[in-house]
Structure formats: C-alpha cells, structure tokens
Asker: 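One structure is given below, represented as structure tokens, and several questions about it will come after.
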Amino acid sequence: EWGSTIKDITMRVGEKLNVYLVDSSGNRVKATWTVSGDCLEIGDNYIKALSSGKVTLTATYGGKTFECIVRIN
C-alpha cells in the first residue's frame, strides 16, 4: 500500500497496488488521482502497472498535491 509519505516506487508489469492518501491524523481521505502517462491504470483505491515506463502519480486533496514517481519494469 502507498501512503502520502512514499515518493518513489517500483512495480512489475501486471502488478496491482492499493493506494491511499492520509491526513495528518492518519485517516484515509478521498483524493483525486492522476497519472502523467498511460502505462499505469488508476482505479478505485488501486493502481495497476500496464507496461514498462516511468510516470508521476499525483494525489490532490484540500488544495494540495502529493507526487510519487512510479517506475514499471
């Protein structure tokens, strides 16, 4: 699982991970997720690696953005 403190992750093609954003109290919050490329699928609280590449996964909540580099092998 990925929280707001992780800045760089590596995945394998076909791998699926649960993702979430937490507030300062540690509670999960409903964020808006975007990705900078098409090698990563974003679903309801998960990401799935579709093909090799490097993208930026961004979560937006409360006017702030949080980014994580995702490397897919």
Side-chain angles (χ1 to χ4, degrees):
E1 295 187 337
W2 175 71
S4 60
T5 59
I6 306 229
K7 304 294 182 200
D8 194 315
I9 60 174
T10 301
M11 299 175 68
R12 295 179 313 276
V13 173
E15 186 175 3
K16 187 175 175 179
L17 292 176
N18 293 326
V19 294
Y20 58 91
L21 188 70
V22 296
D23 64 16
S24 59
S25 299
N27 299 309
R28 293 181 187 187
V29 296
K30 180 77 172 160
T32 301
W33 297 91
T34 57
V35 66
S36 64
D38 59 2
C39 59
L40 190 68
E41 173 186 328
I42 301 174
D44 190 22
N45 296 321
Y46 76 87
I47 55 175
K48 182 177 180 182
L50 301 176
S51 60
S52 297
K54 177 182 165 186
V55 295
T56 301
L57 177 65
T58 304
T60 304
Y61 176 75
K64 295 183 180 180
T65 58
F66 305 90
E67 294 184 343
C68 177
I69 300 297
V70 180
R71 302 167 200 279
I72 304 167
N73 298 321

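These figures come from a predicted structure and were not determined experimentally. Residues: numbered from 1 along the sequence shown.
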Asker: I need the I72 CD1 to L50 CG distance, nearest 0.5 Å.
Answerer: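 Rounded to the nearest 0.5 Å, the CD1-CG separation comes to 7.0 Å.
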Asker: For T34, run the side chain to side chain contact (heavy atoms under 4.5 Å, CB included) check against V55, T65, T58 and tell me which one passes.
Answerer: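 When side chain to side chain contact (heavy atoms under 4.5 Å, CB included) is applied between T34 and each of V55, T65, T58, only T58 qualifies.
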Asker: Any chance you could measure N18, atom CG, to R28, atom CZ, to the nearest 0.5 Å?
Answerer: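 Nearest 0.5 Å value for the CG-CZ distance: 7.5 Å.
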Asker: Find the distance between CG (D8) and CG (L57) and round it off to the nearest 0.5 Å.
Answerer: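 Output value for this atom pair is 11.5 Å.
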Asker: Tell me the closest heavy-atom pair linking F66 and Y61, and the distance in Å.
Answerer: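 Heavy atoms only, the tightest pair is CE1-O, 4.5 Å.
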Asker: Out of curiosity, L40 CG to M11 CE, how far, rounded to the nearest 0.5 Å?
Answerer: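 These two atoms lie 6.0 Å from each other.
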Asker: Show me the pairs that pass side chain to side chain donor-acceptor pair (under 3.5 Å) and involve residues 40-50, at least two apart or across chains.
Answerer: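 Applying side chain to side chain donor-acceptor pair (under 3.5 Å) to every pair that reaches into residues 40-50, excluding sequence neighbours, yields E41-Y46.
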Asker: Enumerate the salt bridge (Lys or Arg N to Asp or Glu O under 4.0 Å) contacts for residues 11-21, please, sequence neighbours excluded, ordered by first and then second residue.
Answerer: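 For residues 11-21: R12-E15.
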Asker: Would you say D38 has more than 12 foreign heavy atoms packed within less than 6.0 Å of its CG?
Answerer: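 No.
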Asker: Using the test side-chain contact (heavy atoms from CB on, under 4.5 Å), find all partners of S52 that sit at least two apart in sequence or belong to another chain.
Answerer: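 Per chain and number, S52 pairs via side-chain contact (heavy atoms from CB on, under 4.5 Å) with V13.
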Asker: For C39 and G53, which heavy atoms make the closest approach, and how far apart are they?
Answerer: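 It is SG-CA, 4.1 Å.
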Asker: Take I9 and I47 through the side-chain contact (heavy atoms from CB on, under 4.5 Å) test and state the conclusion after the steps.
Answerer: CA-CA 12 Å; I9 60 174; I47 55 175; 4.1 Å; yes
Asker: Can you name the closest pair of heavy atoms from K7 and E67 and give their distance?
Answerer: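 The pair with the smallest heavy-atom distance is CD-O, 3.8 Å.
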Asker: Membership question, hydrophobic clusters at under 4.5 Å side-chain separation (ILVMFWY): are V35 and I69 in the same one?
Answerer: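 In one cluster with I69: V35, no.
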